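Below is one structure, written out as structure tokens; the observations come after it.
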Amino acid sequence: MKFIAIIPARYASTRFPGKPLADIQGKPMIQHVYERTARVFAACCVATDDRRIADAVEGFGGCAVMTSPEHSSGTDRCAEALDRYEAAAGTSFDAVINVQGDEPFIAEEHLTALRDAFDDPDAEIATLACLMKPDEDIFNPNAPKVTLTREGYALYFSRSAIPYVRGAEPSRWASLHTYLKHIGIYGYRADILRRLAQLPQGKLEAAESLEQLRWLENGYRIKVGTVTSETVGIDTPADLERLLKKLHC
């Protein structure tokens, strides 16, 4: 299969404006993401609606694709960027890997696991999960969980602890069942990505505020690769400050 990695990046983040350009060890955050992604995927671009981000990407020798500011999700932005990149390059791709622009230390393990999920010919969408640690709170709504079929496809994603362990006190659930934490990076077959960008929000997505439930609700199959670690995302300036302190330890 022929892959392209697309990194959606917005400047106008509510909690951290200008986040892709935040300095980490002398480089903008987006450069760290780009360089790590480009080690795995020969075709790689940043999809942005802001000229400042595009200029920064082109300044370090990367590829930037300008997209509409109206997109409500990274998935929609990836779909437009794919069409623009293919038209400009005169080529086409079989699958797209959507890399979060706020994960400057994304591991090669995550990128290759997403790519390898498409070795399964039935996989339409791919994502990742890892085992929750014994000291993690399975009831934390900011850590979505996922349940799988025997073949490794997603049954459901939830901010609640799933499954419910009947007949046991909630304090014992983590010792009675292996809970999987969802890692929110995705891959899509190119034709599927274009269809996903046309879907309206569904009731499940609206209830849980999880975009991937829109896809399940519409019958798409999501292959889930299991990895040994989670990603380190940066949502706020405080997150970045904590990361920088760790790097200087």
Side-chain angles (χ1 to χ4, degrees), residues 1-9 29-48 57 61-65 67 73-86 88-89 91-131 144 146 148-155 157 180-197 211-212 215-216 220-233:
M1 293 181 71
K2 189 175 179 182
F3 288 86
I4 181 172
I6 300 178
I7 308 168
M29 185 187 301
I30 195 67
Q31 184 173 354
H32 288 274
V33 181
Y34 191 100
E35 290 176 347
R36 285 174 174 258
T37 303
R39 293 173 195 165
V40 178
F41 299 101
C44 178
C45 73
V46 172
T48 186
V57 172
C63 171
V65 176
T67 57
S73 71
T75 302
D76 294 344
R77 195 174 303 283
C78 280
E80 182 187 356
L82 173 64
D83 289 340
R84 288 183 176 275
Y85 189 103
E86 287 186 337
T91 189
S92 60
F93 295 91
D94 301 303
V96 175
I97 303 299
N98 176 355
V99 182
Q100 301 291 338
D102 60 1
E103 293 177 353
F105 299 105
I106 188 168
E108 185 173 328
E109 174 195 18
H110 298 138
L111 298 171
T112 56
L114 277 176
R115 180 192 64 197
D116 294 347
F118 290 101
D119 290 344
D120 183 337
D122 293 327
E124 297 176 315
I125 304 167
T127 192
L128 302 178
C130 66
L131 297 179
V146 58
L148 308 180
T149 68
R150 292 181 184 274
E151 294 77 27
Y153 284 89
L155 282 168
F157 299 86
L180 282 174
K181 179 190 289 187
H182 178 229
I183 298 172
I185 54 177
Y186 302 98
Y188 330 82
R189 293 189 186 273
D191 59 327
I192 298 297
L193 173 59
R194 292 184 171 101
R195 292 184 215 168
L196 299 181
E211 181 188 15
Q212 63 270 30
W215 311 334
L216 285 182
Y220 289 97
R221 303 192 73 194
I222 306 176
K223 185 78 172 183
V224 181
T226 54
V227 292
T228 59
S229 63
E230 57 186 301
T231 56
V232 180

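Worth saying up front: this structure is predicted, and the values here are computed from it rather than measured. Position 1 is the first residue of the sequence, and the numbers go up from there.
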Strictly distance-based, threshold 3.5 Å: is any side-chain N or O of [X] a donor or acceptor partner for the main-chain N or O of [Y]?
X: T48; Y: A9; value: yes
X: Y85; Y: A47; value: no
X: E211; Y: S73; value: no
X: Y34; Y: C63; value: yes
X: K223; Y: D122; value: no
X: E86; Y: F93; value: yes

Looking only at non-hydrogen atoms, find the nearest pair between [X] and [Y] and report the distance.
X: C44; Y: I7; answer: SG-CD1, 4.1 Å
X: Y188; Y: F118; answer: N-CZ, 3.5 Å
X: A117; Y: A126; answer: CB-CB, 3.6 Å
X: A197; Y: D76; answer: CA-OD1, 3.5 Å
X: L216; Y: A154; answer: CD2-O, 3.8 Å
X: V33; Y: G101; answer: CG2-O, 3.5 Å

*Taking side chain as C-beta onward, heavy atoms only, is S229 less than 4.5 Å from C130?*
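Not touching, per the 4.5 Å side-chain cut-off.
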
*So T127 and Q212, side chain to side chain donor-acceptor pair (under 3.5 Å) or not? Walk me through it.*
CA-CA 10 Å; T127 192; Q212 63 270 30; over 6 Å; no

[X] [atom1] to [Y] [atom2] distance, which is reported to the nearest 0.5 Å:
X: R195; Y: Y220; atom1: CZ; atom2: OH; value: 5.0 Å
X: R36; Y: E103; atom1: CZ; atom2: CD; value: 11.0 Å
X: I222; Y: W215; atom1: CD1; atom2: CH2; value: 6.0 Å
X: D94; Y: I4; atom1: CG; atom2: CD1; value: 11.5 Å
X: D119; Y: M1; atom1: CG; atom2: CE; value: 9.0 Å
X: T37; Y: I30; atom1: OG1; atom2: CD1; value: 8.5 Å

*E108 with R39: basic N within carboxylate O range, under 4.0 Å*: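 No, no charged N to carboxylate O under 4.0 Å.
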
*ring-ring contact (aromatic ring centres under 6.0 Å, His included) with H182: which residues, sequence neighbours excluded?*
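Applying ring-ring contact (aromatic ring centres under 6.0 Å, His included) to H182 gives F157, Y186.
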
_Chi angles and distances behind the side-chain contact (heavy atoms from CB on, under 4.5 Å) call for V46, V65_ = CA-CA 6 Å; V46 172; V65 176; over 6 Å; no

_Among I185, V40, N98, which residue satisfies the side chain to side chain contact (heavy atoms under 4.5 Å, CB included) criterion with L114?_
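Considering I185, V40, N98, a side chain to side chain contact (heavy atoms under 4.5 Å, CB included) with L114 is found only for I185.
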
*side chain to side chain contact (heavy atoms under 4.5 Å, CB included) with I6: which of L193, V96, V99?*
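Answer to the side chain to side chain contact (heavy atoms under 4.5 Å, CB included) test with I6 among L193, V96, V99: V96.
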
*Given Y153 and D120, is the side chain to side chain donor-acceptor pair (under 3.5 Å) satisfied, shown in steps?*
CA-CA 11 Å; Y153 284 89; D120 183 337; 2.8 Å; yes

*Flag for Q100-T231: side-chain donor and acceptor within less than 3.5 Å*: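 Absent: no donor and acceptor within the cut-off.
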
